Amino acid sequence: MTTPQVVVHRDKELMAQATAARLITKIVDAQAARGTASVVLTGGRNGNGLLAALATAPARDAIDWHRLDLWWGDERYVPADDPERNHTQAREALLDSVPVDPARVHAMPASDGPYGADVDAAAAAYAAELARAAGPEDHGPVPRFDVLMLGVGPDTHVASLFPEHPAARETDRTVVGVHGAPKPPPTRISLTLPAIRAAREVWLLAAGEDKAGAVSIALGGAGGVQAPAAEAYGRSRTLWLLDRAAAAKLPSGMYPPASS
Ligand SMILES: O=C1O[C@H](COP(=O)(O)O)[C@@H](O)[C@H](O)[C@H]1O
């Protein structure tokens, strides 16, 4: 487990812009070192805010978009063109305006796709796609993603791993179908904590006062079943990227002064 590092920005707009700049640098460095980069996207307000900031960042053209693999941490199991899909929202915020290679955009299956209503089969198919992408150097069933991003929900959920739900207890499978999620829509697909922990870096995003309780619980020593965000960490780095409102309930000694 890597010890979480906490960075606090003045507000959610600055947090999105600073995280976009951080992500550009990380992708460019990974492409220079290994030829390609792999990033796991998150849905939700902060994930989409980051993608929108990336879309307007002048330095976005430093990324070689053709040599970037994009995966998702979770998906709402609805039809492919549903506006609630994380993939649809990512396309609108960024992906439709940059030259990504469609073969490297690994969207999770949709409910009107080949698996129909069988979300467990859809999750197994995504696990198989991840396993095919993993090389010997990854030493496991998923690639060592360069960056895996997670929006933190007000209840401490990350991806579609909700507190006390079976998916948050999964220790074997890398991707699971989620049934009866407390946040709509109830049927979802999610990476599990073991898959999340395969990433080199895990970045947790939280902005707004409705996230302050979740941030303090997760960083205050809770377990991963009660607070899934608490046990989402990367192999070499775990970074919590917050705005002041989301950090309001943390002890001030836990992080450096917020950027102004
Ligand atoms: O439903 C979801 O919610 C979380 C957090 O979303 P937010 O709007 O509260 O920031 C998100 O991380 C997840 O990907 C998404 O499916």
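What you see is a predicted model, and the numbers here were worked out from it, not measured in a lab. First listed ligand is number 1; within each ligand, the first listed atom is number 1.
Other residues sharing the hydrophobic cluster of Ile217, ordered by chain and number and joined by side-chain separations under 4.5 Å: none, the residue standing alone.
Remark: Arg235 CZ is packed, more than 12 non-hydrogen atoms of other residues, nucleotides or ligands lying under 6.0 Å away.
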Show me the side-chain donor-acceptor pairs of residues 147-159 shorter than 3.5 Å, one per line, residues at least two apart or across chains.
from: Asp155; atom 1: OD1; to: His157; atom 2: N; distance (Å): 2.9
from: Asp155; atom 1: OD1; to: His157; atom 2: ND1; distance (Å): 2.7

For residues 218-226, dump all side-chain donor-acceptor pairs below 3.5 Å to protein atoms at least two apart in sequence or in another chain.
none

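Side chain of Ser236 to backbone of Arg200: a donor-acceptor contact under 3.5 angstrom is found.
Among protein residues, Thr42, Gly43, Gly44, Arg45, Asn46, Asp74, Arg76, Asn86, Gly151, Pro154, His157, Ala159, Lys183, Arg188, Lys211 come within 4.0 Å of ligand 1, judged on heavy atoms.
A donor-acceptor contact under 3.5 angstrom links the side chains of Gln89 and Asn48, judged on distance only.
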